[in-house]
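Worksheet: the structure to be examined is printed underneath.
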Amino acid sequence: MTDVRIETDFIKLDALLKFAGAVMSGGEAKTLVAEGYVKVNGETCLMRGKKIYPGDEVELDGEAFRVVK
C-alpha cells in the first residue's frame with residue numbers, strides 16, 4: 001500500500017489516480033473508472049469525480065493507495 005499525501009480536505013478519484021502515478025492521463029483514469037477497474041474502500045466505484053478523503057483506500061490493478069493528510 002502506497003500512502004498519497006494531500007494538502008486539501010479531499011481529492012477527486014480521477015485526479016488521485018493521476019497524482020499517484022497510477023495512470024498517465026485524466027482520460028485514462030476516466031476510462032478505467034467507467035469500466036469498473038477501480039475500487040474505493042473495497043467496492044467498485046464508477047464515479048470518476050467521487051471525493052476521496054484521508055483514510056480512504058483506492059485500488060487499481062493490484063496497486064493500493066491510501067490517502068493521508
Side-chain angles (χ1 to χ4, degrees):
M1 171 125 8
T2 303
D3 285 346
V4 178
R5 185 167 303 279
I6 62 171
E7 300 297 323
T8 56
D9 291 333
F10 66 87
I11 187 170
K12 291 186 178 180
L13 178 57
D14 56 350
L16 171 69
L17 293 172
K18 190 172 176 189
F19 181 68
V23 298
M24 298 300 293
S25 69
E28 183 181 1
K30 178 181 176 181
T31 300
L32 291 172
V33 171
E35 292 179 359
Y37 290 105
V38 180
K39 290 185 178 183
V40 176
N41 296 324
E43 295 185 16
T44 300
C45 181
L46 301 176
M47 300 180 301
R48 68 183 173 108
K50 179 171 179 59
K51 294 178 181 177
I52 306 298
Y53 295 92
D56 286 342
E57 296 179 4
V58 175
E59 185 179 338
L60 172 64
D61 290 336
E63 284 189 87
F65 305 93
R66 178 178 38 231
V67 176
V68 295
K69 185 157 181 172

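Keep in mind that the numbers below use all heavy atoms, side chains included, and drop hydrogens, waters and symmetry copies.
- The CZ atom of Arg5 sits 10.5 Å away from atom CZ of Phe19, with the distance rounded to the nearest 0.5 Å.
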Q) Which is it for Lys18 and Val23 under the side chain to side chain contact (heavy atoms under 4.5 Å, CB included) test, yes or no, and what are the steps along the way? A) CA-CA 5 Å; Lys18 190 172 176 189; Val23 298; 4.2 Å; yes

Q: Could you walk me through whether Val67 and Tyr53 pass side chain to side chain contact (heavy atoms under 4.5 Å, CB included), step by step?
A: CA-CA 7 Å; Val67 176; Tyr53 295 92; over 6 Å; no

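- Expressed to the nearest 0.5 Å, how far CG of Asp56 lies from CG of Leu16 amounts to 9.5 Å.
- Closest non-hydrogen pair, Ala20 versus Val4, comes out as CB-CG2, 3.8 Å.
- Within 6.0 Å of CE in Met24 there are 12 or fewer heavy atoms belonging to other residues, nucleotides or ligands.
- Note that the CG atom of Asp61 and the CD atom of Glu59 stand 9.0 Å from one another [nearest 0.5 Å].
- Counting non-hydrogen atoms of other residues, nucleotides and ligands closer than 6.0 Å to NZ of Lys51 gives a total of 12 or fewer.
- Ile6 and Val68 sit in two unconnected hydrophobic clusters of ILVMFWY residues. Membership requires side-chain heavy atoms under 4.5 Å apart, directly or through other members.
- Here Arg66 pairs with Asp3 in a salt bridge; the nearest charged N to carboxylate O distance falls below 4.0 Å.
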Q: Could you walk me through whether Leu46 and Thr44 pass side chain to side chain contact (heavy atoms under 4.5 Å, CB included), step by step?
A: CA-CA 7 Å; Leu46 301 176; Thr44 300; 4.3 Å; yes

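- Put simply, the side chain of Asn41 gets close to the backbone of Glu57: a donor and an acceptor are under 3.5 Å apart.
- The minimum heavy-atom distance linking Val40 with Lys50 is given by the pair CG1-CE, 4.0 Å.
- Interatomic distance, OG1 of Thr2 versus CD of Glu63, reported as 6.5 Å (0.5 Å rounding).
- Between Val58 and Val38, some side-chain heavy-atom pair lies under the 4.5 Å cut-off.
- Across every non-hydrogen atom of Pro54 and Lys69, the tightest pair is CG-CB, 3.8 Å.
- With rounding to the nearest 0.5 Å, the separation of CD1 in Ile52 from CG in Asp9 is 14.0 Å.
- Residue Glu35 holds its CD atom at 6.0 Å from OG1 of Thr31, rounded to the nearest 0.5 Å.
- Between Leu17 and Leu60, some side-chain heavy-atom pair lies under the 4.5 Å cut-off.
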